[in-house]
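For reference, the structure is listed below as structure tokens.
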Amino acid sequence: MTSTAPETQRGHDAGDPLGEQPTSWQRRLRRFGHVPRPETSLRDRLDPPYTRPGRQVWSVLAIPPHVADRLVRWSGWGGPLLVTLVAGLLRFWKLDQPHAVIFDETYYAKDAWALVNQGYEGSWPKDVDKQILNDPSSVPIPTDPGYVVHPPVGKWIIGFGEQLFGFTPFGWRFMVAVLGTISVLLLCRIGRRLFRSTFLGCLAGLLLAVDGLHFVMSRTALLDLIVMFFVLAAFGCLVVDRDHARRRLAAALPVDEEGVLRPNARVAETLRLGWRPWRLAAGVMLGLAFATKWNGLYVLAAFGLMTVLWDVGARRTAGAVHPYQAVLRRDLIPAFVSTVPVAIVTYIVSWTGWIVTDKGYYRNWAVTEGKDSSWSWLFPDWLRSLWHYENQVYDFHVGLTSGHTYESNPWSWLVLGRPVSYFYEEQTGCTQSSTGKCAAEVLAIGTPLLWWLACFALAYVVWRWFFRRDWRAGAIACGVVAGWLPWFFYQERTIFLFYAVVFVPFLCLAVTMLLGAIAGPAAGTGARAELGLTTDDPTGERRRTLGAIAVGVLVLLIIWNFIYFWPIYTGTSIPDTSWRDRMWLDTWV
């Protein structure tokens with residue numbers, strides 16, 4: 001995400017609204033942990049600056065000031081690209097292993113191959129996977145239509161990799177690995193914009209790079225990682241749109257004789273924010289998420305509400321007396337049009353292959369079983385056939401209650417109660433094991449220390465949003481709720497832990513926010529008061545040192561945890577005793 005904000009040391013954006021003088025009772029409550037909000041200028045509240053490393057950092061490293069300035073300018077992209085490079089190397093390392101069709105790849109890899117070759121999914125014969133692995137060129141694409149229960153975008157993406165590298169494990173995993181790698185770059189830049197800190201942005205991306213669930217899903221041809229990518233991209237677009245809208249408000253507000261920006265109710269309530277291409281792009285991204293799996297629809301609703309509330313906060317900060325009425329008059333309809341209709345059109349367009357080939361499953365329903373419909377005069381046949389197909393798919397999803405060995409309740413996801421084994425192979429005659437047995441497994445499970453720390457981080461995020469009205473905490477919570485909460489309405493349905501990959505980036509942002517609070521803000525910045533470290537605090541330097549050490553230890557432990565579980569993320573053969581050592585909970589087996 002690009003930024004046009006100057007990288008000065010004006011301070012952090014602490015939320016909407018900010019800048020009120022603390023009252024006497026707030027001062028008295030400091031002994032109980034209450035910290036009054038800092039006084040922040042209106043310009044900084046609308047357009048918060050980016051923090052810079054203190055000069056003492058460069059002095060310790062013996063880096064001249066002019067070189068330090070250049071490094072700071074480059075770090076906004078250099079840091080995220082470096083983290084992304086590491087993530088990409090991890091995800092593409094032996095991507096074709098295991099050489100097998102693992103878990104639900106048996107559906108999506110074959111559907112994707114048929115889709116990119118003939119425009120619709122075919123009905124594949126059973127037990128064809130081994131033949132595909134041995135000689136994919138000998139396997140004909142079935143022309144009979146296949147009944148599929150997910151929209152086509154994710155399969156088009158998987159199929160593009162197959163077109164490039166063939167109908168092989170590397171081919172059908174390639175594009176998922178690409179999106180998994182790019183999502184790390186997106187999170188680095190989104191985190192940087194959220195926290196106004198390149199370091200914290202790169203930290204969020206690093207946490208995503210070493211999360212086990214995201215890593216496994218980036219190396220498997222399933223749809224959920226693709227949904228995650230589009231959801232994260234939509235979130236990033238909305239964050240950029242928020243910055244641009246607030247910058248326009250700041251530019252329109254009056255300035256007094258001393259050059260200080262002042263709130264103005266008339267401007268705040270009547271200004272039209274104009275063309276907002278980033279919100280339109282968010283609508284397209286949310287449509288693509290919805291056109292990959294239907295759970296993207298819940299994210300569309302949550303993010304739509306979030307962006308409207310951001311407009312309310314912006315107009316209130318700019319001086320609007322009635323911000324909700326102002327948003328209702330000026331922003332609500334453009335926000336709706338930029339997201340909901342755009343997402344719906346994107347969804348329908350994604351079915352183009354099914355529409356134009358005229359051979360897909362249920363494609364001709366409207367002229368056969370549905371020819372007597374009372375709506376036949378109003379809607380075209382292909383649209384009525386598609387509507388019927390979607391109704392059948394919905395009935396399938398809500399009625400999917402058959403038991404599965406690795407199903408789990410969403411209540412258990414955050415603590416990794418029941419991960420999913422995608423691949424398992426027991427080997428005998430293994431010389432590296434004292435028992436003569438080895439095991440190779442691909443286990444879809446998050447990095448345990450990261451996820452368990454995320455439980456505390458989410459509690460901190462909720463506290464910070466509720467008591468400090470920090471918009472960043474609210475945005476992170478919205479991402480988690482949009483990806484997690486809907487599954488609680490379908491607890492009787494067969495659902496799995498790997499669905500949680502959609503909100504993993506927001507867990508990483510939550511952990512980053514917590515670690516940033518533990519580390520404390522840089523000396524001399526306006527954010528010191530925000531986190532309770534006033535500039536006259538004599539123990540501030542010692543506090544920051546201890547906080548930085550604690551953060552460093554936690555991050556190193558998370559990285560070590562990822563390395564320790566590497567064999568069961570990648571299907572590496574290890575002695576059975578080593579495999580059992582990694583089964584920390586009985587429910588993981």
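Partners of Thr352 by side chain to side chain contact (heavy atoms under 4.5 Å, CB included), not counting sequence neighbours, listed by chain and number: Val349, Val356. In this structure, the salt bridge (charged side-chain N to carboxylate O under 4.0 Å, His left out) partners of Asp331, at least two apart in sequence or on a different chain, are Arg315. For Glu121, the salt bridge (charged side-chain N to carboxylate O under 4.0 Å, His left out) partners are Lys155, not counting sequence neighbours. Taking Asp211 as the reference, nothing meets the salt bridge (charged side-chain N to carboxylate O under 4.0 Å, His left out) condition, with sequence neighbours excluded. The salt bridge (charged side-chain N to carboxylate O under 4.0 Å, His left out) check on Asp96 picks up nothing, with sequence neighbours excluded. Residues forming a side chain to side chain contact (heavy atoms under 4.5 Å, CB included) with Phe488 (at least two apart in sequence, or on another chain): Pro410, Trp411, Trp484, Leu485, Gln491. In this structure Phe303 satisfies the ring pair (Phe, Tyr, Trp, His ring centres under 6.0 Å) test together with Phe235, sequence neighbours excluded. Every residue was checked against the ring pair (Phe, Tyr, Trp, His ring centres under 6.0 Å) condition with Trp93, not counting sequence neighbours, and none meets it. A search for side chain to side chain donor-acceptor pair (under 3.5 Å) contacts involving Thr339 returns nothing, not counting sequence neighbours. With sequence neighbours left out, Val101 forms a side chain to side chain contact (heavy atoms under 4.5 Å, CB included) with Glu105, Thr106, Asp129, Leu133, Trp172.
For Ala500 against Trp451, the heavy-atom pair with the smallest separation is CB-CH2, 3.9 Å. When all heavy atoms of Thr198 and Gly76 are compared, the pair lying nearest together is OG1-CA, 4.1 Å.
With hydrogens and angles ignored, the 3.5 Å screen pairs no side-chain donor or acceptor of Ser385 with any backbone N or O of Trp382. Counting only distance, with no hydrogens or angles, the side chain of Glu407 and the backbone of His404 share a donor-acceptor pair below 3.5 Å. For Arg384 (side chain) and Ala366 (main-chain N/O), a donor-acceptor pair under 3.5 Å exists by modelled atom type. The main-chain N or O of Cys237 is never found under 3.5 Å from a side-chain atom of Asp241 such that the two would form a donor-acceptor pair. At least one donor-acceptor pair closer than 3.5 Å links the side chain of Thr587 to the backbone N or O of Gly417. Although no hydrogens or angles enter the test, the distance criterion places no donor-acceptor pair under 3.5 Å between the side chain of Arg464 and the main chain of Arg469.
Under a cutoff of 6.0 Å and an axis angle of 45°, Arg418 and Trp588 do not form a cation-pi pair. Taking the ring centre of Trp365 as origin, the terminal cationic atom of Arg363 falls outside the region bounded by 6.0 Å and 45° from the ring axis. A cation-pi arrangement is present between Arg242 and Trp471 under the rule of less than 6.0 angstrom and at most 45 degrees off the ring axis.
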*Where do Leu450 and Asn561 land on the side chain to side chain contact (heavy atoms under 4.5 Å, CB included) test, with the steps shown first?*
CA-CA 9 Å; Leu450 173 60; Asn561 200 203; over 6 Å; no
*Would you please test Ile182 and Thr84 for side chain to side chain contact (heavy atoms under 4.5 Å, CB included) and show each step?*
CA-CA 7 Å; Ile182 296 176; Thr84 304; over 6 Å; no
_Assess the residue pair Leu200 and Arg192 against the criterion (side chain to side chain contact (heavy atoms under 4.5 Å, CB included)); give the C-alpha distance rounded to whole Å, side-chain angles, the decisive distance to 0.1 Å, and a yes or no._
CA-CA 6 Å; Leu200 291 181; Arg192 179 179 182 269; over 6 Å; no
*asked:* Using the rule given for side chain to side chain contact (heavy atoms under 4.5 Å, CB included), can you reason through Ile568 versus Tyr424, listing the C-alpha separation, both sets of side-chain angles and the distance that settles it, and then say yes or no?
replied: CA-CA 9 Å; Ile568 63 172; Tyr424 181 84; over 6 Å; no
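Side chains of His214 and Thr447: a donor-acceptor N/O pair is absent below 3.5 angstrom, by distance only. A donor-acceptor contact closer than 3.5 angstrom is absent between the side chains of Thr357 and Gln118.
Classified by interplanar angle (parallel below 30°, tilted 30° to 60°, perpendicular above 60°), the ring pair Phe165/Phe174 is tilted. The aromatic rings of Trp566 and Phe215 lie tilted to each other, with the angle between the two planes from 30° to 60°.
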Would you be so kind as to tabulate the donor-acceptor pairs closer than 3.5 Å made by side chains of residues 283-294, with sequence neighbours excluded?
| residue | atom | partner | partner atom | Å |
| --- | --- | --- | --- | --- |
| Thr292 | OG1 | Leu288 | O | 2.8 |
| Lys293 | NZ | Asp224 | OD2 | 2.9 |
| Trp294 | NE1 | Tyr347 | OH | 3.1 |

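Between Asp470 and Arg468 there is no salt bridge, since no side-chain nitrogen of the basic residue lies less than 4.0 Å from a carboxylate oxygen of the acidic one. The pair Asp311-Arg316 does not meet the salt-bridge criterion, since no charged nitrogen lies less than 4.0 angstrom from a carboxylate oxygen.
Centroid-to-centroid, the aromatic rings of Tyr120 and Trp354 stay 6.0 Å apart or farther. Remark: aromatic rings of His150 and Tyr107 are distant, center separation not under 6.0 Å.
Of the inter-residue distances, the one linking Tyr147 atom OH with Ser123 atom OG reads 13.0 Å to the nearest 0.5 angstrom.
Phe160 CZ: 12 or fewer foreign heavy atoms inside a 6.0 Å radius. No more than 12 heavy atoms of other residues, nucleotides or ligands shown are found within 6.0 angstrom of OH on Tyr324. No more than 12 heavy atoms of other residues, nucleotides or ligands lie within 6.0 Å of CH2 in Trp465, so this atom counts as exposed by the packing criterion.
Side-chain contact check for Phe565 versus Leu443: every heavy-atom pair is 4.5 Å or farther apart. Taking the side chain as every heavy atom from C-beta outward, Leu90 and Phe562 approach each other to under 4.5 Å.
The salt bridge (charged side-chain N to carboxylate O under 4.0 Å, His left out) contacts involving residues 505-514 comprise nothing, where partners must be two or more places apart or lie in separate chains.
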